[in-house]
There are 2 protein chains.
Amino acid sequence: MKKRSYNQFCALASALDIIGERWNLLIIRELLTGPRRYTDLIDGLPGISTNLLAERLKELEELGIIRRCMLPPPAGSTVYQLTSLGQALETSMIELGKWGSRFLPASCDEVNLPSVGAISLAIKAFFHPQTAQGINETYELHLDQEVLQVNVSDGEISVHQGQYRNPDAIFYTTMQVFVDLFTGQFDPDEAVANDLLRIEGDPDTLKRFLRLSKATV
Amino acid sequence: MKKRSYNQFCALASALDIIGERWNLLIIRELLTGPRRYTDLIDGLPGISTNLLAERLKELEELGIIRRCMLPPPAGSTVYQLTSLGQALETSMIELGKWGSRFLPASCDEVNLPSVGAISLAIKAFFHPQTAQGINETYELHLDQEVLQVNVSDGEISVHQGQYRNPDAIFYTTMQVFVDLFTGQFDPDEAVANDLLRIEGDPDTLKRFLRLSKATV
DNA sequence: CGGAATCCTCTTCGATACTG
DNA sequence: CAGTATCGAAGAGGATTCCG
């Protein structure tokens with residue numbers, strides 16, 4: 001069982017020996033916002049086969065990039081979680097995302113919707129620090145069944161799964177609607193008027209949030 | 001001939017659809033410092049098969065990431081060169097290189113020596129802007145048959161192939177020796193004393209240069 | 001000699017079915 | 001829910017040949 005390698009004394013080649021394997025960076029993308037279960041990963045990575053995911057998870061764990069752990073009771077489910085080594089890939093992934101945004105399909109119609117992991121990365125990748133000057137807010141984003149917490153402060157943004165802080169505003173919507181808002185193909189006012197998005201809190205927060213990281217390619 | 005794709009509305013997935021294919025990022029790495037010929041690429045990418053390189057080059061050209069062009073006479077050879085879209089991958093690659101450096105093999109003995117492309121990326125990836133404050137110099141680096149021009153100014157570094165500017169110092173050595181110096185496994189004074197490296201110009205420039213971007217993992 | 005195309009083998013991927 | 005097992009299809013790697 002010898003691993004395939006570029007066998008070159010080059011830092012980039014070494015990195016690619018590990019995370020260049022198909023699916024690996026996307027698995028890590030899914031984990032960037034927090035731990036996920038096996039089936040969550042399957043859902044967020046449409047097209048991956050179950051044996052391949054299992055194999056990749058094992059490799060990544062052996063390399064110290066992810067960790068397999070049990071959630072404390074009553075949950076008790078086994079989840080996968082990034083180590084600090086895995087988290088350290090975030091800036092690379094954001095840079096790659098910025099570059100790749102110009103190759104995004106024209107619409108979601110032909111391809112799979114982004115997962116929460118993908119959207120979280122997009123929110124960070126397209127974040128404009130200048131626009132965030134003076135903004136200090138936390139938003140809670142409900143997309144279908146999932147919840148994201150977005151915090152902006154001091155010109156920095158962070159995105160995590162779940163709800164654990166008092167948000168300044170809560171948005172309830174679907175992934176489809178959110179993508180259209182995020183990419184600017186749909187107007188926030190219209191979404192609210194048509195009941196496709198519900199805001200709890202100051203109605204202005206939505207536009208403020210969207211302006212922070214609109215994907216202006 | 002349908003391309004394999006992650007088919008997800010995600011900027012990272014879109015990027016990986018293109019440069020996630022095996023060898024692609026390394027091909028681009030080779031071109032980051034300037035145009036190269038087909039056989040130069042073969043040499044810099046040990047292990048790539050000739051058909052695979054040809055196929056990748058065609059894909060990358062169609063995607064607008066590289067360009068195939070003729071050098072003006074008397075050279076007249078066809079070379080591959082990055083477009084601005086391809087150049088835009090540099091920051092991602094530097095970030096990946098920084099991350100991957102901790103997985104570098106302990107020594108070059110078991111693996112292939114870095115190519116000039118790999119070394120150029122390393123010089124940029126491990127560059128410390130703070131250390132470069134007040135330094136304004138150009139070094140010409142002769143590694144085996146190849147020549148690199150390294151310019152430092154205003155806390156920024158740039159690396160290009162060939163000689164087209166008056167350098168402050170010229171270093172003649174082999175790739176093997178340079179790698180050992182760069183990784184700190186070999187002392188510059190010792191290299192010079194043993195005639196493994198020859199300096200034209202101020203002898204202090206070598207240490208200054210090495211301090212700029214020593215791979216301190 | 002540079003720049004590929006062809007052929008063949010081996011590994012990896014992907015889809016589905018199956019199990020603790 | 002969290003994975004294994006199986007198997008055909010696609011891709012990678014190596015050698016060789018072709019062409020200007």
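Below, chains carry the letters A, B, ... as their sequence lines are ordered, and counting in each starts from 1.
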Under 4.0 Å between a Lys/Arg side-chain N and an Asp/Glu carboxylate O for A:Glu137 and A:Arg208?
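The answer is yes: the pair qualifies as a salt bridge.
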
Presence of [X] side-chain N/O under 4.0 Å of [N] phosphate oxygens OP1/OP2:
| X | N | result |
| --- | --- | --- |
| B:Thr78 | C:dG3 | yes |
| B:Trp23 | D:dG13 | yes |
| A:Arg22 | C:dG14 | yes |
| B:Tyr38 | C:dA5 | no |
| A:Arg56 | C:dC13 | yes |
| A:Arg68 | D:dG3 | yes |

Could you check whether any side-chain heavy atom of B:Tyr172 comes within less than 4.5 Å of a side-chain heavy atom of B:Ile199, counting everything from C-beta outward?
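No, their side chains stay 4.5 Å or more apart.
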
Answer yes or no: is there a side-chain heavy-atom contact under 4.5 Å between B:Ser120 and B:Leu148?
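In contact.
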
Whole-Å gap separating [atom2] ([N]) and [atom1] ([X]):
| X | N | atom1 | atom2 | answer |
| --- | --- | --- | --- | --- |
| A:Asp43 | D:dC1 | CG | P | 9 Å |
| A:Leu71 | D:dC1 | CG | C1' | 13 Å |
| B:Leu52 | C:dT6 | CG | C1' | 15 Å |
| A:Glu61 | D:dG3 | CD | C1' | 14 Å |
| A:Asn7 | D:dA12 | CG | P | 17 Å |
| B:Leu16 | C:dC13 | CG | C1' | 16 Å |
| B:Leu41 | C:dG2 | CG | C1' | 12 Å |
| A:Lys58 | D:dG3 | NZ | P | 9 Å |

Run the salt bridge (Lys or Arg N to Asp or Glu O under 4.0 Å) test against [X] and tell me which residues pass, sequence neighbours left out.
| X | result |
| --- | --- |
| A:Glu200 | A:Arg198 |
| B:Glu140 | none |
| A:Arg36 | A:Glu146 |

Nearest nucleotide by nearest heavy atom, which residue falls closer to the 5' end of DNA chain D, A:Thr39 or B:Glu21?
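The residue closer to the strand's 5' end, by nearest nucleotide, is A:Thr39.
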
Looking only at side-chain atoms of B:Arg37, point me to the closest of C:dG2, C:dA4, D:dG3.
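The nucleotide sitting nearest to the side chain is C:dG2.
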
Determine whether the side chains of B:Asp144 and B:Thr174 contain a donor N or O and an acceptor N or O closer than 3.5 Å.
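Per modelled atom types, B:Asp144 and B:Thr174 side chains form no pair under 3.5 Å.
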
DNA chain C contacts made by residues 44-51 of chain B, counting heavy atoms under 4.0 Å
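Nucleic-acid contacts, sorted: B:Thr50, B:Asn51.
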
The criterion is side chain to side chain donor-acceptor pair (under 3.5 Å); which residues satisfy it with B:Arg37, sequence neighbours excluded?
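Per chain and number, B:Arg37 pairs via side chain to side chain donor-acceptor pair (under 3.5 Å) with B:Asp40.
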
According to the interplanar angle, ranging from 0 to 90°, do the rings of B:Phe126 and B:Phe182 count as parallel (below 30°), tilted (30 to 60°) or perpendicular (above 60°)?
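Correct class here is tilted.
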
At 10 degrees resolution, what angle do the end axes of the helix from C:dC1-D:dG20 to C:dG20-D:dC1 form when each is taken over five base pairs?
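The two end axes of the helix from C:dC1-D:dG20 to C:dG20-D:dC1 meet at 30°.
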
Decide yes or no on salt bridge (Lys or Arg N to Asp or Glu O under 4.0 Å) for A:Glu95 and A:Lys98, but give the supporting numbers first.
CA-CA 5 Å; A:Glu95 285 302 319; A:Lys98 284 183 191 168; 3.4 Å; yes

